[in-house]
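Note that the coordinates shown come from a computational prediction; the quantities given were computed from them, not determined experimentally. Quick note on labels: first sequence line is chain A, next is B, and so on, each numbered from 1.
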Amino acid sequence: MGHALNTVLQDVLSRWKRMSGYSVLWLPGTDHAGIATQNVVEKELALKGLDRHKLGRDAFIALVWKWKAEYGGKIIHQLKRLGASCDWSRERFTLDEGLSRAVKEVFVRLYEEGLIYKDNRLINWCPRCHTALSDLEVEHEELEGNLTYIRYPFSDGSGHITVATTRPETMLGDTAVAVNPHDERYKGLAGKTVKLPLTDRNIPLISDDAVDPSFGTGAVKVTPAHDFNDEAIAKKQIPPLEFISVIGAEGRMTADAGKRYAGLDRYECRRLVLEDLTELGLIEKEERHRYSVGHCYRCKTITEPLSTPQWYVNVKPLAEEAIRVVKEGKIRFIPGTWENTYFSWMENIKDWCISRQIWWGHRIPVWYCREMKTEQCRAQKGVIVSRETPRKCPFCESLELVQDEDVLDTWFSSALWPFSTLGWPDQTDDLKTFYPTSVLVTAFDIIFFWVARMIMMGLKFMGDVPFRDVYIHALIRDIRGQKMSKSKGNVVDPLIMMDRYGTDAFRFTLAAFAAQGRDIKFSEERVEGYRHFVNKIWNATRFIMMNLKEGEVKSPKNELDLASRWIMSRLALTADDVNEALGDYRVNDAASSIYQFIWHEFCDWYIEMAKDELENPESRTGAIWCLLYTLDKTLKMLHPFMPFITEEIWQRIPHAGSDIKESIMISDFPASLQRDYEAEEDMSCIMEAVTGIRTIRGELNIPPSLKLNVSIKPFSDKTEKILKKNVHYLRRLARVDMVNIGMDIKKPEGSATYVKSSLEIYIPIKDLLNIEMEIKRLEKEEADLEESITFLNRKLTNKDFLDRAPEEVIEKERSRYEELVQKKEKIMVSIKRLKEAEV
RNA sequence: GGGCGGAUAGCUCAGAUGGGAGAGCGCAGCCCUUACAAGGCUGAGGUCACAGGUUCGAUCCCUGUUCCGCCUACCA
């Protein structure tokens, strides 16, 4: 669903810009999703009782490629099914030859500049995926656990010190106990040693400022090989503390954990350690404790800090530039609040661990010389970093070279996407034409993974930003607001939605839901609603086509009537709204403008009004032309949202003049059409009259089949003229028979009244036996008016308001007040008359 | 621990720069009016989470509170 929303938003923007005359490149492609993909294939292997090690590296990778060919096209298929107007001839994959070349180039250059280096330190390790993860790839989640207080006896037999821990099993790797140097309780104890229970080791008691005296006992066990804090403490000590790894790559205890524990799973070991300590009477107490634990973002396994050699990028210098361009407005986040998120991460950025101990990905372009025959080679530690596979060691000519086993983080190649896909490192025409790109559309959950890194790499290697706008859209959640995930089983399949409701309805739903910055709780009912909308359009077209006669298409025969002028003006307004909204990435506003126009103006009003003319062939002037014209423009406006039905219909309707193109998707998007304010104003009188009569009918339960005799008293000459000229609209839309219009009309005895701002309507109801209902209706309206009048009166007699509010606001409120008072008086008169008539 | 966002109709959500709140669905009433009953017309329904403050005036701005959600962090 996330991909679907993302695709629809990009497609709406692409189609809109393309129709607006721009040369639009939307380059499709996929990344190789290293860990995730490898996991899937490994699972399939496991079902056959195999694993990748039995298969061997080359065979395994061949298998993943096969899998990729078979299933990897699914995303592309979905894109196409959604109607994404990408340039399919340029489809890219991060493991393509070209992109791989870019990856190597970037790696080598960063290495040569000293920005890529190898180091042995603690990293987050996933024991299940069997690889290092970057900080970002670890998801922290709060868990309920125990805080265990354990007694460590002093080596000299003078009692004990108690430490508190959430991970008792790691005590097997403790190499110190630390206290805060200012903690009075432990004054003078630093330098003593304690005997580490369950082992035969004695470890020092040290002091360090990082220890918080208020937590636990104020004394902390130090396990440098399995805890980031402890690692920092250990490295500060002179000499540094020893690192003892008691947990291995599989999440099992190592031989260093001792015979009794070696080979156990880390959690089994925890149980056993606790048992053993209990037996020894060394557990002081246990407390319930909430603490956050890291999980692998791909398989949700609890990660383990392990000390391993990995490759890192020193991203600080890159991040500084990346912060600057956003601060200077060269890149704009939409909505802008995301800039804060971006800054806070960038400003505290840590080195990026880029090596992964998996096979599916870009193999690190580093070789090691086995022999290191010369001094120079040894000085380089036999490390060869090269764009091409080296035949022999450049330092000592040895032929004994082995390539680094690791692959790069998938995001490393994704970071290059804006330029690697355009042919970089070659200076291609595409690169010159399309870099920097206009906009990146994505969800906020990958701002750090992807957006930030593209900005850093783009600036570094292209010397310019990769895109000008970053449009961050909402994340789709299920109806309860939960993130959709396979494991929760709350995933909605876009393909099923499209099968069920049609792609256009589905697309329109996503577009209409896409309010900026918000999460979207997906509801299937909404899709169903928009399917109705699609039908509505189809039916409206059917109606127009039914009424089409030869030769009426080219141009209006005569001057357009009021309704036609009105709908064209409303069309112009809608086009302005849509263009403005899309320009601001308010895709949902654009969608609802079009929806409102088509359904409630074009269908509900204009088509109904046009029927009058269509049914009287001799008086046909321009309505059919106007229907077609408006339909044509409407389809174009709707096209970015609903490409399928708009194309289908557009191909079937006749087109006038030069506007004939082979596809709606390359026709001109409506813009800068002429408004007709006079028509809109005049039309509002007609609409007031129609809705007024309908309201009376509805509220007094007068059946539609009963044709009414209506009197209308306009408040001005102008209104009178308009009404008289367009009285045929009233007959049809309000289903009235006789209409009396005149400023001097007196209210007939016993009639229902409706007071509008430009006119007053009377409908005789004496014979309809519902005078009482009408009195009740009017009394309610009077009460409502009274309330508003009181409110406005209070406001308008408030001296402070009159003194300080802007003149235009006061004037507006004053005229509203006048209007309401007049309306109320008229209603009171009506009530009086009706009561008389009733008697 | 730090930060961000949300709380508006029964439900799902819109509400640019402060001037008595809107849509879709649902609900009620009336309609098979020859494009559409997957439709038309009409209507009911809201102390805009709570408490203060700024202002002539607050759903909107400020402060605090409560309840949700998210991001981020090395409290063992």
| When we call it a touch if two heavy atoms are under 4.0 Å apart, what does A:Thr166 touch: a base, just sugar-phosphate, or nothing? | sugar-phosphate
| query | Given B:G5, B:C36, B:G40, which nucleotide is nearest the side-chain atoms of A:Thr337? | reply | B:G5
| said: How long is the straight-line distance from CG of A:Leu143 back to CD1 of A:Ile302, given to the nearest 0.5 Å? | reply: 6.0 Å
| remark: Which of B:U12, B:U33, B:A38 is nearest the side chain of A:Arg735? It is B:U33
| task | Taking atom C1' in both B:G57 and B:C13, compute the distance separating them and give it to the nearest angstrom. | result | 28 Å
| remark: 5'-most contact on RNA chain B (nearest-nucleotide basis), A:Tyr595 vs A:Trp599, goes to A:Tyr595
| Donor-acceptor pair present, A:Asn539 side chain and B:A35 base, under 3.5 Å | no
| query | Is there a Watson-Crick or G-U wobble partner for B:G22 with both distances under 3.5 Å, and if so, which one is it? | reply | B:C13
| Which part of the nucleic acid, if any, lies within contact of A:Glu608, taking any heavy atom under 4.0 Å across all strands shown: a base, the sugar-phosphate backbone alone, or nothing? | base
| query | With sugar-phosphate meaning primed atoms plus P, OP1 and OP2, does A:Tyr291 contact a base, only sugar-phosphate, or nothing at under 4.0 Å between heavy atoms? | reply | sugar-phosphate
| request: Could you state the atom-to-atom distance from CG of A:Asp604 to P of B:A35 in whole Å? | output: 14 Å
| Closest nucleotide among B:G40, B:U72, B:C41 to the A:Lys536 side chain | B:G40
| task | Using a heavy-atom cut-off of under 4.0 Å over every strand shown, decide if A:Lys780 touches base, sugar-phosphate, or nothing. | result | sugar-phosphate
| query | Touch check for A:His600, heavy atoms < 4.0 angstrom, all strands: base, sugar-phosphate only, or nothing? | reply | sugar-phosphate
| note | RNA chain B nearest-nucleotide lookup for A:Asn798 and A:Thr217: closer to the 5′ end is A:Asn798
| Assigned partner base of B:C27, Watson-Crick or wobble definition, under 3.5 Å | B:G43
| A:His140 side chain, from C-beta outward: closest of B:G24, B:A73, B:A35 | B:A73
| query | With both distances under 3.5 Å as the test, what is the Watson-Crick or G-U wobble partner of B:C61? | reply | B:G53
| Contacts of type side-chain contact (heavy atoms from CB on, under 4.5 Å), residue A:Leu582, not counting sequence neighbours | A:Val12, A:Trp16, A:Val578, A:Val587, A:Ala590, A:Phe641
| field | Pair of N/O donor and acceptor under 3.5 Å linking B:A16 base with A:Glu580 side chain | value | no
Taking only N/O atoms, report every protein-nucleotides 27-31 of chain B pair under 3.5 Å with atom names and distance.
{"from": "B:G29", "atom 1": "O2'", "to": "A:Asn701", "atom 2": "OD1", "distance (Å)": "3.4"}

| Who is the Watson-Crick or G-U wobble partner of B:C70, with both distances under 3.5 Å? | B:G3
| With a 4.0 Å cut-off on heavy atoms, is A:Asp803 in touch with a base, just the backbone sugar-phosphate, or nothing at all? | nothing
| message | Base, sugar-phosphate or nothing for A:Ser344? Non-hydrogen atoms, less than 4.0 Å. | response | nothing
| query | Which listed nucleotide (B:A38, B:U42, B:U12) is nearest to the side chain of A:Arg694? | reply | B:U42
| task | Describe the nucleic acid contact of A:Pro305 in one word from base, sugar-phosphate, nothing, applying a heavy-atom distance below 4.0 Å. | result | nothing
| request: Would you please indicate if the ring centroids of A:Phe448 and A:Tyr342 are separated by under 6.0 Å? | output: no
| said: Counting only side-chain heavy atoms from C-beta out, which of B:A38, B:A76, B:A35 sits nearest to A:His289? | reply: B:A76
| task | For A:Asn340, answer base if it contacts any base atom (sugar-phosphate contacts may also be present), sugar-phosphate if it contacts only those atoms, and nothing otherwise; contact means non-hydrogen atoms under 4.0 Å. | result | nothing
